[in-house]
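In what follows, a structure is listed as structure tokens, so that the remarks can point back to it.
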Amino acid sequence: MANIFPKWSNKVPAQVIFAVTLLGIGATSAIAYYFTPKYTRVGYAPKQPVAYSHDLHVNQLGLDCRYCHTNVDKSGHANIPAASTCMACHTAVKPTSPLIAPVKYSYESGEPINWIRVHQTPDYVYFNHSAHVNRGVSCVSCHGKINEMEVVTHNQSLSMGFCLDCHNAPEKFIRPLDKVYDLNWTAESPEAQETMGKELVAKWKINPPISCSGCHR
């Protein structure tokens, strides 16, 4: 019986398998590369229910981060300030401004403001704010120049690679404790930073984990 298929058709199954394999590798690589926080979160700046300018309150008025985020050096979480914290100033400062009306309503009614979360680590990642700020890691390292932001923006990827860059070489990032909340401070040079950082690493016996169990608990 004559073969109704041409000879070249014998190679089609292998070619299809090869093409599907390449497509699968390409798709997997694209997802792994572009679906990381660097591409999906950096630049995220949601509109909040109350407009709050860190540039005004921190840069111009000089508020310390811990005035609003009171537990950042005591707890694993950086708490969002209660309306009572805001009204400690705004009962006297522009109390009738429509911009703070939602805060005033929250303060008087007890109903919380529905802030939209900007920075969030996955459920499978353990992160403790107090452990970092009490060992010289400034807010700037993870959040960028938040003191200059009119709208809080997700500035760094906060990916595993981002964290490991610091855990592998903490001397490049840590600073004196009295400079942690000074968001405009920098060392005189990268060399000065590294020299100072190595001294602080030795003094504080800093040995950040680089194994999986350090962050995935």
What are the two closest non-hydrogen atoms of Y67 and C89, and how far apart are they? OH-SG, 4.1 Å
Rounding to 0.5 Å, atoms CZ (R217) and OH (Y126) come to a distance of 5.0 Å
Is there a donor-acceptor contact under 3.5 Å linking the side chains of D55 and Q60? yes
Would you call the rings of H143 and H119 parallel, tilted or perpendicular if under 30° counts as parallel and over 60° as perpendicular? perpendicular
In terms of hydrophobic clusters joined by side-chain contacts under 4.5 Å, are V180 and I206 together? yes
Can you name the nearest heavy-atom pair linking V151 to A45, along with the distance? CG1-CB, 4.1 Å
Closest heavy-atom pair, P49 versus N114, reported as atoms and distance to 0.1 Å, is CG-O, 3.3 Å
For a 4.5 angstrom cut-off between non-hydrogen side-chain atoms, does P209 reach H167? yes
Under the side chain to side chain donor-acceptor pair (under 3.5 Å) test, residues paired with N184 that sit two or more places apart: K145, N147
Going from OG1 on T96 to NZ on K104, what distance comes out if it is rounded to the nearest 0.5 angstrom? 7.0 Å
Evaluate whether atom CD1 of I116 has more than 12 neighbouring non-hydrogen atoms of other residues, nucleotides or ligands under 6.0 angstrom away. yes
Within one Ile-Leu-Val-Met-Phe-Trp-Tyr cluster: L177 and M196, side-chain cutoff 4.5 Å: yes
Under 3.5 Å, is there a donor-acceptor pair between the side chain of S75 and the main chain of H77? yes
At their closest point, which heavy atom of Y181 faces which heavy atom of C65, and how far apart are they? CD2-CB, 3.9 Å
Would V152 and V140 show up in the same hydrophobic cluster when neighbours are defined by side-chain heavy atoms closer than 4.5 Å? yes
For the aromatic rings, using the six-membered ring if either is Trp, is the centroid distance between H57 and Y52 under 6.0 Å? yes
Is there a side chain to side chain contact (heavy atoms under 4.5 Å, CB included) between Y44 and V118? Walk through the geometry before answering. CA-CA 7 Å; Y44 177 56; V118 179; 4.3 Å; yes
Assess the residue pair V137 and F173 against the criterion (side chain to side chain contact (heavy atoms under 4.5 Å, CB included)); give the C-alpha distance rounded to whole Å, side-chain angles, the decisive distance to 0.1 Å, and a yes or no. CA-CA 7 Å; V137 179; F173 302 93; 5.9 Å; no
Kindly work out whether a path of hydrophobic side-chain contacts (I/L/V/M/F/W/Y, heavy atoms less than 4.5 Å apart) joins M160 to V42. no
Going by the rule side chain to side chain donor-acceptor pair (under 3.5 Å), which residues pair with E199 if we only count those two or more places apart in sequence or in a different chain? none
Verdict with reasoning, N155 to T153, per side-chain hydrogen bond (donor to acceptor under 3.5 Å, both in side chains): CA-CA 6 Å; N155 182 265; T153 303; over 6 Å; no
Output yes when a side-chain donor or acceptor of Q193 lies under 3.5 Å from a complementary backbone atom of E171, and no otherwise. yes
Test side chain to side chain contact (heavy atoms under 4.5 Å, CB included) applied to R175 and S138, step by step: CA-CA 7 Å; R175 58 177 66 189; S138 175; 3.4 Å; yes
Could you go through W115 and V50, starting from their C-alpha distance and side-chain angles, then the distance that decides it, and tell me whether this counts as side chain to side chain contact (heavy atoms under 4.5 Å, CB included)? CA-CA 8 Å; W115 298 103; V50 179; 3.6 Å; yes
Out of curiosity, C139 SG to H69 NE2, how far, rounded to the nearest 0.5 Å? 8.0 Å
Option among N207, V201, L200 that satisfies the side-chain contact (heavy atoms from CB on, under 4.5 Å) test with P170: V201
Rounded distance [0.5 Å steps], CD1 in I113 versus CD in Q48: 10.0 Å
Report yes if the distance between the aromatic ring centroids of F127 and H132 is under 6.0 Å, otherwise no. yes
Between E150 and S53, is any side-chain donor less than 3.5 angstrom from a side-chain acceptor? yes
Approximate separation, where rounding is to 0.5 Å, of H90 NE2 and S84 OG: 13.0 Å
For S106 and P102, indicate whether the former's side chain and the latter's backbone hold a donor-acceptor pair under 3.5 Å. no
Taking I146 as the starting point, is it possible to reach V58 by hopping between hydrophobic residues whose side chains are less than 4.5 Å apart? no
Decide if atom CD of E108 counts as having more than 12 heavy atoms of other residues, nucleotides or ligands within a radius under 6.0 Å. yes
Hey, what else clusters with L56 if you join Ile, Leu, Val, Met, Phe, Trp, Tyr whenever side-chain heavy atoms sit under 4.5 Å? L61
